[in-house]
Amino acid sequence: MFPKLEPLDEKPENCQTPNIVPTICLSDDDDDEVANPDALALVLVNPDETQVANLEYPLKRKYQARSGELVRVSNLDVEDEIAFRETVRKTRMIYDSLRICLMLEDEKRRVNVASANVGSPSMRLPKVRNDLRVATIMRDNDLWLNRDKRIVGPIPGVNIGDVFFFRMELCVLGIHGVPQAGIDFLPASMSPNKEPIATSVIVSGGYEDDEDSGDVIVYTGHGGQDKNSKLHVVDQKLEGGNLGMERSMHYGIEVRVIRGFKYRGGVSEKLYVYDGIYKVTDAWLEDGKSGFGVYKFKLVRMEGQPEMGSAMLKFAENIRENPMAARPVGYVSLDISMNKEHVPVFLFNDIDDNNEPVHYEYLARTAFPPFVYQPSGNGDSVGCFCVDVCGLDCACAKKNGGEFGYDKKGILVRGKPLIYECGPHCSCSSECCNRVTQKGVKNRFEVFRSLETGWGVRSLDLIQAGSFLCEYTGVVLTKDQAQVFTMNGEDTLVYPYRFGERWAEWGDLSQVDLSRVYPDYVPPSYFSIPPVEFAMDVSRMRNVACYMSHSPCPNVFVQLVLFDHGNVAFPRLMLFAMEDIPPLRELSLDYGAAGEWTEPLSICN
DNA sequence: GTTGTTTCATTGTC
DNA sequence: CGACAATGAAACAA
């Protein structure tokens with residue numbers, strides 16, 4: 001009764017994919033398409049260019065409209081990959097930092113309103129959706145990516161398995177440009193041949209007629225639903241995104257697939273995972289479960305892509321529930337920390353018979369020499385006198401420049417040269433939120449053997465950006481001790497100063513103009529500390545951090561923290577997540593220039 | 001805790 | 001160019 005959709009009679013030809021950024025031809029009368037060599041650069045955010053673009057239309061619209069130009073980005077070299085990845089991550093860091101910033105500012109205002117309205121408790125602030133507000137502010141500051149091109153296929157800098165807590169992030173990055181609809185498509189009005197083209201879909205299981213078996217999805221078109229009941233009340237029509245899907249099938253245009261899940265314990269109730277590109281292989285109209293006509297699209301995952309992120313999430317969940325059943329072989333140890341961490345640290349090797357990490361004594365906390373703990377006499381080791389939970393007048397907050405290092409959920413607000421936590425000298429309770437890193441490891445880590453990097457570390461839990469991971473521990477050596485240690489040639493010491501200043505990237509909102517949102521907003525000012533001059537010996541005692549691999553584009557960074565003594569020359573090296581890290585993805589640190597950290601180097605110069 | 005209602009931001013169409 | 005419908009998620013009220 002329902003006709004199968006027939007493809008248009010004219011078949012496009014010469015639609016091969018050139019290397020860099022081809023324009024996609026949608027009709028056969030247009031055979032002189034030329035790749036624009038400058039188009040690649042346009043994908044990256046370039047403040048100068050976007051400002052120029054805005055000046056052209058300063059009165060017509062507040063922000064640059066989304067482009068109608070379809071492009072593919074392929075065959076990037078390694079340097080381009082890293083550059084795109086950095087851009088994506090920077091954008092995501094701004095999103096997260098701004099969201100936390102708005103949250104903290106709102107809290108301040110709430111306190112102010114409450115104190116100004118003593119006796120009239122009915123006074124309330126309007127409700128806010130910070131996930132949406134952040135996107136608006138970033139859009140007004142030209143910080144959205146990929147608005148000047150519509151990318152077909154993978155988004156440079158976005159990897160399969162990347163996870164997102166907010167749907168709006170997908171808009172900001174250009175992965176899926178519409179904030180609500182499941183199908184994102186180039187509209188007919190902007191299309192060269194006046195046909196809509198679908199570029200991405202979100203599979204959230206919100207449609208009763210969806211079927212999802214991983215590599216093959218039967219996706220239900222949109223429309224026909226009642227506004228309130230969400231039930232199908234009329235037949236769907238072949239228009240908009242539905243027609244776009246059919247046209248993408250016709251032209252063989254790949255479609256990005258993002259899966260959405262309900263997720264507990266995260267910063268949001270939902271989790272989105274980028275699962276790679278699919279091809280639409282079939283489209284038809286049928287009676288849905290409601291009895292009304294629904295369009296169906298068969299999506300088949302393209303070959304040669306890394307394993308699906310959603311499959312990895314599921315696999316990690318299975319390992320957490322029953323490690324042995326999920327992976328029968330490969331466990332060398334079920335806890336190399338020997339109960340020294342609150343959660344066990346697995347040692348996993350299914351490649352060779354190397355079991356080296358079990359031979360080192362596990363050191364959950366760095367051991368400093370006794371003199372570090374002696375009071376200096378200038379009062380810097382005196383704690384705060386807060387009762388129960390610290391407020392903004394806390395002495396430790398003042399040391400941090402008038403704010404706490406973490407939000408209420410323990411997420412690092414912004415990187416600093418040094419963060420002071422409340423410690424044993426403070427009178428506040430152990431529930432004080434300024435005691436994040438001293439509480440130790442919370443994630444289930446696994447040291448694993450890989451062919452590429454030797455030993456590596458990954459987590460079985462999803463790690464939210466800005467979360468504390470673990471300390472980088474070892475036996476501390478002073479400058480003099482380190483020199484003696486390295487005299488006999490081999491230098492296996494770790495030099496903290498070489499980790500660099502990745503912390504400065506976390507929470508950096510200098511690109512955002514907040515004066516319009518908060519006229520009285522004062523950007524934080526940093527204080528500086530002298531360079532860290534001690535070295536760390538990890539040749540006998542170490543912890544999980546020691547096995548993290550080096551990367552020029554790391555997902556973990558070092559933040560210096562003090563809590564059990566006041567000696568700024570001997571801070572603890574605390575590791576935080578630079579981005580949302582999906583389970584089973586390798587953790588990496590920037591140890592400084594590649595390879596350099598293992599070479600002997602005098603630190604007294 | 002559950003359910004229904006409203007609201008948020010953006011795009012595309014009329 | 002302006003109005004408006006469509007859309008998912010979360011805050012909120014019941």
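First the proteins, then the strands, lettered A, B, ... as listed; each starts at 1. This structure is a prediction, so every number in the text was calculated from the model and none was measured.
- If A:A181 and A:S268 are placed on DNA chain C by their nearest nucleotide, the residue sitting closer to the 5' end is A:A181.
- Donor-acceptor pairing under 3.5 Å is lacking for the side chains of A:Y295 and A:D235.
- Spacing between atom CG of A:L238 and atom P of B:dT13 amounts to 13 Å, rounded to whole angstrom units.
- You'll find that the side chain of A:K270 is closest to C:dA9, out of B:dA9, B:dT11, C:dA9.
- Judged by distance alone with a 3.5 Å cut-off, a donor-acceptor contact links the side chain of A:R129 to the base of C:dA9.
- Nucleotide B:dG12 holds its C1' atom 14 Å from the CD1 atom of A:I183, rounded to whole Å.
- We find that A:R85 and A:D162 are joined by a salt bridge, their nearest charged nitrogen and carboxylate oxygen being less than 4.0 Å apart.
- Taking 4.0 angstrom as the limit, A:R147 places a side-chain polar atom (N or O) nearer than this to OP1 or OP2 of B:dT11.
- As a whole-Å value, the separation of A:E169 CD from B:dT10 P is 15 Å.
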Every protein N/O lying under 3.5 Å from an N/O of nucleotides 2-4 of chain C:
none

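- Ring orientation note: the planes of A:F166 and A:Y95 are tilted relative to one another, at an angle of 30° to 60°.
- Listed nucleotides: C:dA9, B:dG12, B:dT10. Nearest to the side chain of A:S204: C:dA9.
- Under 4.0 angstrom from either OP1 or OP2 of B:dT13 there lies at least one side-chain N or O belonging to A:S189.
- Side-chain proximity of A:P187 to the nucleotides B:dA9, B:dT13, C:dA10 is greatest for B:dT13.
- Here the nucleotide nearest the side chain of A:E269, chosen from B:dT11, B:dT13, C:dA10, is C:dA10.
- Regarding A:F165, its CZ atom lies at a distance of 12 Å from the P atom of C:dA10, rounded to whole Å.
- Comparing B:dA9, B:dG12, C:dA9 by their nearest atom to the side chain of A:Y272 picks out C:dA9.
- Protein atom CZ of A:R167 is 19 Å distant from nucleotide atom P of B:dC8, rounded to whole Å.
- Of the listed nucleotides (B:dC8, B:dG12, B:dT10), B:dT10 has the atom at the smallest distance from the side chain of A:R139.
- Using a 4.0 Å heavy-atom criterion, one finds that A:F185 contacts the sugar-phosphate atoms exclusively.
- Of the candidate nucleotides B:dC8, B:dT11, C:dA9, B:dT11 has the atom nearest to the side chain of A:V178.
- Defined by atom type and a distance below 3.5 Å, a donor-acceptor pair is present between the side-chain atoms of A:D275 and A:S310.
- The ring of A:F297 has its center no closer than 6.0 angstrom to the ring center of A:Y219.
- At a threshold of 4.0 Å, the pair A:E69-A:K149 counts as salt-bridged, since one of the basic side-chain nitrogens sits closer than that to a carboxylate oxygen.
- Taking the side chain of A:A188 as heavy atoms from C-beta on, and the options B:dT13, C:dA10, B:dT10, the nearest nucleotide is B:dT13.
- Salt-bridge annotation for A:E269 and A:K262: absent, with no side-chain N of the basic residue lying under 4.0 Å from a carboxylate O of the acidic one.
- A salt bridge does not link A:E505 with A:K90: every distance from a Lys NZ or Arg NE/NH1/NH2 to an Asp or Glu carboxylate oxygen is 4.0 Å or more.
- The distance from atom CG of A:L132 to atom P of B:dT11 is 13 Å, rounded to the nearest whole Å.
- A straight line from CE of A:M168 to C1' of B:dC8 spans 9 Å, rounded to a whole angstrom.
- Checked against B:dA9, C:dT7, B:dG12, the side chain of A:H222 finds its nearest nucleotide in C:dT7.
- Atom P of nucleotide B:dT10 and atom CG of A:L170 are separated by 14 Å, given to the nearest angstrom.
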